[in-house]
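Scroll down for the structure; my scribbles are underneath it.
Because only heavy atoms are used, hydrogens play no part in the values below, and waters and symmetry mates are left out as well, while side chains stay in.
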Amino acid sequence: MGPGLWRANPAFCADKKFCQILDTKLSSLMDREYDDLSDIQMWEKIKEETHTIVNNYGSTYVPWRKKTLHSLQRKRNRILRTKPSPALRQLILPKIDKMIHKLQQEIVDIASIKAGVRWREQGETSPGYLKRMHTTRTLQQYMPSLTVDQGAPPSDTSRYNRDTPSLTSNLQEMQDITRDYYRNLYQQDPVAKEHIDHYL
């Protein structure tokens with residue numbers, strides 16, 4: 001579990017083509033005679049062969065996944081732009097969404113494994129890594145000031161008028177501005193029924 005830990009892409013286990021290649025390669029390896037190798041050396045050879053197979057397969061699979069995901073997303077957007085009927089959307093989109101979800105889930109799983117490996121190799125033993133991670137997150141979350149109209153009272157949405165903007169770094173004012181902004185952002189806008197019917 002120390003530095004140098006390597007794990008294969010778990011998504012390959014569900015790929016029939018990869019499983020066939022792995023089975024063929026390892027069966028061929030086991031058919032050879034290695035009388036001069038101990039059990040430990042043989043196990044290391046199996047791991048080395050598996051590592052090579054995974055890397056070779058991944059070098060073609062990863063670009064294919066990226067290209068296919070991009071193509072599916074473009075196809076989905078193209079269908080939505082044509083404004084199909086609800087019945088047609090229900091027929092076509094679930095199939096595309098299922099394929100997109102599968103590919104995106106693979107990417108998430110791989111990122112999770114990489115994050116775990118990085119933490120085991122650096123997080124617990126490297127103070128510099130912890131400091132850099134803390135600094136990066138602090139900078140991402142820190143908000144030094146917000147734009148507010150001069151003289152606008154708290155909880156007044158007119159503060160967002162951009163004709164006379166100014167900045168404030170007062171914590172209470174920033175909280176009021178943020179609360180008012182999101183209250184206004186997620187407020188439901190009235191939509192005419194005929195516009196909905198036209199879209200559908």
TODO: State the CG-NZ distance between Leu22 and Lys17, to the nearest 0.5 angstrom.
DONE: 14.0 Å

Open item on the list: Under 4.5 Å between side-chain heavy atoms, counting indirect links through other Ile/Leu/Val/Met/Phe/Trp/Tyr residues: same cluster for Leu88 and Met99 or not?
Closed with: yes

TODO: Check whether any side-chain N or O of Ser59 sits under 3.5 Å from a backbone N or O of Asn56 as a donor-acceptor pair, and report yes or no.
DONE: yes

Open item on the list: Going by the rule salt bridge (charged side-chain N to carboxylate O under 4.0 Å, His left out), which residues pair with Lys102 if we only count those two or more places apart in sequence or in a different chain?
Closed with: Glu106

TODO: With sequence neighbours excluded, tell me which residues meet salt bridge (charged side-chain N to carboxylate O under 4.0 Å, His left out) with Glu48.
DONE: none

Task: Non-hydrogen atoms of Asp180 and Arg183 that approach each other most closely - done: OD1-NH1, 2.9 Å

- [ ] Quick one: pull up CG in Asp176 and CZ in Arg179 and give me the separation to the nearest 0.5 Å.
- [x] 4.5 Å

TODO: First locate atom CE of Met42, then atom NZ of Lys45, and finally report the distance between them rounded to the nearest 0.5 Å.
DONE: 7.5 Å

Open item on the list: Within this structure, what is the OG1-NZ distance for the pair Thr68 and Lys75, rounded to the nearest 0.5 Å?
Closed with: 12.0 Å

TODO: Report yes if some heavy atom in the side chain of Arg74 is under 4.5 Å from a heavy atom in the side chain of His70; otherwise report no.
DONE: yes

Open item on the list: Ignoring hydrogens, what is the shortest heavy-atom contact between Ser169 and Pro144? Give both atom names and the distance.
Closed with: CB-O, 3.4 Å

Task: Residue among Ile53, Val54, Leu26 satisfying side-chain contact (heavy atoms from CB on, under 4.5 Å) with Ile21 - done: Ile53

- [ ] Please name all residues satisfying side chain to side chain contact (heavy atoms under 4.5 Å, CB included) with Ser38, sequence neighbours left out, ordered by chain then number.
- [x] Ile40, Gln41

Task: Inter-residue atom distance Trp64.CH2 - Leu103.CG, 0.5 Å rounding - done: 5.5 Å

TODO: Find the distance between OG1 (Thr60) and CZ (Arg65) and round it off to the nearest 0.5 Å.
DONE: 11.0 Å

Task: side-chain contact (heavy atoms from CB on, under 4.5 Å) assessment of Leu146 paired with Glu173 - done: CA-CA 9 Å; Leu146 288 175; Glu173 291 184 359; over 6 Å; no

- [ ] Not counting sequence neighbours, which residues clear side-chain hydrogen bond (donor to acceptor under 3.5 Å, both in side chains) with Asp15? List them please.
- [x] Tyr57

Task: Any Gln20 side-chain heavy atom under 4.5 Å of Asp23 side chain - done: no

- [ ] For Thr50 and Ile46, indicate whether the former's side chain and the latter's backbone hold a donor-acceptor pair under 3.5 Å.
- [x] yes

TODO: Please list, chain by chain and in numerical order, all residues satisfying side chain to side chain contact (heavy atoms under 4.5 Å, CB included) with Leu93, sequence neighbours excluded.
DONE: Arg76, Ile79, Leu80, Arg89, Asp97

Task: Where Gly58 and Pro63 come nearest, the two heavy atoms and their spacing - done: O-CD, 4.0 Å

Open item on the list: Starting from Met143, can I reach Leu139 by hopping between I/L/V/M/F/W/Y residues whose side chains sit under 4.5 Å apart?
Closed with: no

Open item on the list: Quick check: closest heavy atoms across Phe18 and Phe12, and the distance to 0.1 Å?
Closed with: CD2-O, 3.2 Å

- [ ] Could you tell me which residues satisfy side chain to side chain contact (heavy atoms under 4.5 Å, CB included) with Gln104, sequence neighbours excluded, listed by chain and number?
- [x] Leu69, Gln73, Ile100

Open item on the list: Restricting to non-hydrogen atoms, name the atom on Cys13 and the atom on Cys19 that form the minimum distance, rounded to 0.1 Å.
Closed with: O-SG, 3.4 Å

TODO: Decide yes or no on side-chain contact (heavy atoms from CB on, under 4.5 Å) for Gln175 and Thr178, but give the supporting numbers first.
DONE: CA-CA 5 Å; Gln175 291 175 347; Thr178 303; 5.8 Å; no

Task: Exam field: side chain Ser28 to backbone Thr24, donor-acceptor pair closer than 3.5 Å - done: no

